[in-house]
Amino acid sequence: MYGLWRPRVLGAWRVPASGPLIFAVNHSHNIDGPMVMGVAPRPTHFLIKREAFVGPLGTFLTGIGQVEVDRHSTDRTAIARALGVLDAGGVLGIFPEGTRGDGDFASLRAGLAYFAVRSGAPIVPVAVLGSSGRSGRLIKGLPPLRSRVDVVFGDPFEAGDGSGRRTRKALDEATERIRARLTAHLDHAGRLTGRTAAPE
């Protein structure tokens with residue numbers, strides 16, 4: 001990441017040095033996950049769509065501990081592996097919108113709330129800004145080489161209400177709390193960097 005672009009990492013000191021943790025990352029470009037993996041202060045295991053696990057790339061992703069997930073069904077194997085990462089005190093990376101979009105956290109799915117409430121792991125919001133908008137001249141699908149990409153880590157927070165409940169209502173309430181915290185962090189990151197999540 002540092003060789004191809006010029007990442008600027010802000011707030012990495014907010015990331016707890018140990019213990020289970022969830023990175024909730026906005027997603028507007030394909031490089032957002034690799035960028036976070038490359039600059040985060042701790043090794044990160046992302047939930048990544050099954051379609052990416054093909055050929056040499058699939059072997060590489062498996063080798064570095066990424067978690068393959070089938071987005072079209074309840075993938076119990078992926079769920080168990082993701083919870084295993086947290087049970088072992090690791091960092092799980094999630095795109096809470098489920099797929100690449102505007103990167104503004106507008107359409108959160110319940111998966112993030114489930115993992116946070118089920119494991120008790122705190123969530124660290126992560127904003128990746130500057131990856132979308134302009135395309136490079138050499139590789140159209142990527143940001144311009146040597147352009148700046150900002151990665152802003154926020155304060156960790158608990159998603160649950162302290163009751164330990166995992167009912168549908170509890171998860172819905174947790175999702176709304178998460179949405180509010182992630183949106184506030186994205187707004188803060190935009191002011192801090194002078195950028196927005198939308199294409200520039």
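Because the structure is predicted, anything quoted here is derived from the model rather than measured. Any value given below was found using the heavy atoms of this structure, including those in side chains, with hydrogens, waters and symmetry copies removed.
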For a quick test of your reading: what N or O donor-acceptor pairs under 3.5 Å do the side chains of residues 111-125 make, sequence neighbours left out?
residue, atom, partner, partner atom, Å
S119, OG, F115, O, 2.6
S119, OG, A121, N, 3.1

Inset, instruction - Identify the heavy atoms of A40 and F23 that sit nearest to each other, and give their distance. - result: CB-CE1, 3.8 Å
Inset, instruction - Determine yes or no for a side-chain-to-main-chain donor-acceptor pair under 3.5 angstrom, with R177 supplying the side chain and A159 the backbone. - result: yes
Legend entry - Straight-line distance of I22 CD1 to F157 CZ, nearest 0.5 Å: 9.0 Å
Inset, instruction - Using a 4.5 Å cut-off on heavy atoms from C-beta on, say whether the side chain of V126 contacts that of V151. - result: yes
Legend entry - Pairwise distance NE2(H45) to CG(L92) - rounded to 0.5 angstrom: 8.5 Å
Legend entry - Nearest heavy-atom neighbours spanning L129 and L186: CD2-CD1, 4.1 Å
Legend entry - Contact summary for T44 and M37, nearest pair of heavy atoms: O-CG, 4.2 Å
Inset, instruction - Write down the atom of T193, the atom of R148, and the distance for their closest heavy-atom approach. - result: O-NH2, 3.8 Å
Legend entry - Pairwise distance CZ(R81) to CG(L86) - rounded to 0.5 angstrom: 12.5 Å
Legend entry - Nearest-0.5 Å distance, CZ of residue R76 to CG of residue L83: 12.0 Å
Inset, instruction - Write down the atom of A78, the atom of L47, and the distance for their closest heavy-atom approach. - result: O-CD2, 4.4 Å
Legend entry - Nearest-0.5 Å distance that lies between atom OG1 in T167 and atom CD in E173: 7.0 Å
Inset, instruction - Return the minimal non-hydrogen interatomic distance between P96 and V25, and the atom names on each side. - result: CD-O, 3.3 Å
Inset, instruction - Report the hydrophobic cluster partners of L192, with the cluster defined as I, L, V, M, F, W, Y residues connected by side-chain heavy atoms closer than 4.5 angstrom, directly or transitively. - result: L10, V152
Legend entry - Flag side-chain contact, heavy atom, 4.5 Å: V149 against D32: no
Legend entry - Test side-chain contact (heavy atoms from CB on, under 4.5 Å) applied to V36 and V91, I31, V128, the passing residue: V128
Legend entry - Spacing of CZ belonging to R181 relative to CD belonging to E176, to within rounding of 0.5 Å: 14.5 Å
